[in-house]
Amino acid sequence: MPIEILKESPIVLPEYEKVPIAFHVETRFLVTPIDNGLDGFTFVEETVTPYVKNYDAFENERPTAWSKRFDISHWGIFSAFEGANRVGGAAVAWNTPEIEMLEGRKDLACLWDLRVHPDHRNKSIGYKLFSSVVDWARERQCRQLKIETQNINVPACRFYARQGCELRSINRYAYGELLDEIQFLWYRDL
């Protein structure tokens, strides 16, 4: 059955949130500076003790909490459907001053969320959602799309690289000492 991508209103976020975002972590990128970073970094994919990462496990991070934290009136919400079944979603933030990731710029959009149901992953749904986000950002005269992920989400890193995104920032201390994760910021010129 073909996948249909629909632009929706934020009112659908309770249904959107039902698509799981959790993923299995089996590897991570070990990031090591060369000559204290002057000669760049090495990235080595290493095996870790498997675990599940679920961003929706944090009540304040769930899609249904976004409107309580931010003015999402300028956001784009996209949903992927296979027939009547919601199988994926993407949210893109734009023109939202309280989002630091947007750097106060009107020509920058931020892919805030991208999720595909586990039973439907690796079927080009993420690609279709990402393409819809890129088109939406271009319609708002954005020059760049920014995406945050972590070194523990190796499949996402590989996905964003395939979409023409460039890793332009690595923050080894973005999440404090509680999380053993490194922030990666990707940019896609539009």
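Under the 4.5 Å side-chain criterion, counting only non-hydrogen atoms from C-beta, Val92 is in contact with Phe78. Leu13 places a side-chain heavy atom less than 4.5 Å from the side chain of Ile77. Leu145 has its side chain out of reach of Trp186: every pair of non-hydrogen atoms, C-beta onward, lies at least 4.5 Å apart. By the 4.5 Å heavy-atom criterion applied to side chains, Arg105 and Gln144 are counted as neighbours. Under the 4.5 Å side-chain criterion, counting only non-hydrogen atoms from C-beta, Phe29 is not in contact with Ile182. Using a 4.5 Å heavy-atom threshold, the side chains of Val87 and Ile125 count as touching. Looking only at side-chain heavy atoms (C-beta outward), Glu4 and Ser79 stay at 4.5 Å or farther from each other. Side-chain contact between Phe184 and Ile170 is present, with heavy atoms from C-beta onward closer than 4.5 Å.
A donor-acceptor pair under 3.5 Å is absent between the side-chain atoms of Arg62 and the main chain of Phe58, judged by distance alone. Side chain of Arg188 to backbone of Lys146: no donor-acceptor contact under 3.5 angstrom is found. In this structure a side-chain-to-backbone donor-acceptor pair under 3.5 Å is missing from Glu61 to Ala57. Proximity of a side-chain donor or acceptor of Arg143 to a complementary backbone N or O of Asp189 within less than 3.5 Å is not detected. Not a single donor-acceptor pair under 3.5 Å links the side chain of Trp75 to the backbone N or O of Pro10. Remark: side-chain polar atoms of Asp113 are not paired, donor with acceptor, to backbone N or O of Ala90 under 3.5 angstrom.
The salt bridge (charged side-chain N to carboxylate O under 4.0 Å, His left out) pairs that include a residue from residues 74-88 are Glu8-Arg86, where partners are two or more places apart or lie in different chains.
Summarising the geometry of Ala137 relative to Leu190, their closest heavy-atom pair is CB-CD1, 3.6 Å, with the distance given to 0.1 Å. Shortest non-hydrogen contact noted between Ile147 and Cys165 is CD1-SG, 3.7 Å. Of all heavy-atom pairs spanning Leu129 and Gly88, the tightest one is CD1-C, 4.0 Å. Between Lys53 and Val25, the shortest heavy-atom contact is CB-CG2, 4.0 Å. When every heavy atom of Asn171 is checked against every heavy atom of Tyr173, the shortest pair comes out as OD1-N, 2.9 Å. Counting all heavy atoms, side chain and backbone alike, Ser132 lies closest to Ile5 at OG-CG2, 3.3 Å.
Other residues, nucleotides and ligands contribute only 12 or fewer heavy atoms inside 6.0 Å of the NE2 atom of His24. Other residues, nucleotides and ligands place no more than 12 heavy atoms under 6.0 Å from the OH atom of Tyr127. Within a 6.0 Å radius of NZ in Lys7, other residues, nucleotides and ligands contribute more than 12 heavy atoms. The local environment of CZ in Arg69 is crowded, with over 12 non-hydrogen atoms from other residues, nucleotides or ligands closer than 6.0 Å.
For the atom pair Trp94 CH2 and Cys110 SG, the distance stands at 14.0 Å (nearest 0.5 Å). Taking SG of Cys142 as the reference point, atom CH2 of Trp136 lies at 7.0 Å (rounded to 0.5 Å). One finds the CD atom of Glu15 at 11.0 Å from the OG1 atom of Thr64 (value rounded to the nearest 0.5 Å). The structure places CZ of Arg158 at 11.5 Å from CG of Asn153, a figure rounded to the nearest 0.5 Å. Interatomic distance, Arg140 CZ to Leu108 CG, rounded to the nearest 0.5 Å: 14.0 Å. Here Glu181 contributes atom CD and Ile152 contributes atom CD1; the two are 3.5 Å apart, rounded to the nearest 0.5 Å.
Ring-plane geometry between Tyr160 and Phe130 is classed as tilted, the angle between the planes lying from 30 to 60 degrees on a 0 to 90 degree scale.
A salt bridge links Asp56 with Arg115: at least one charged nitrogen is closer than 4.0 Å to a carboxylate oxygen. A salt bridge does not link Glu45 with Arg28: none of the charged nitrogens is closer than 4.0 Å to a carboxylate oxygen.
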Under the side chain to side chain donor-acceptor pair (under 3.5 Å) criterion, do Gln183 and Gln150 qualify, and how do the steps go? CA-CA 5 Å; Gln183 180 191 58; Gln150 295 76 34; over 6 Å; no
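For Glu98, the side chain to side chain contact (heavy atoms under 4.5 Å, CB included) criterion is met by Phe70, Asp71, Thr96, not counting sequence neighbours. Residues passing the side chain to side chain contact (heavy atoms under 4.5 Å, CB included) test with Asp35 are Leu38, Asp39, sequence neighbours excluded.
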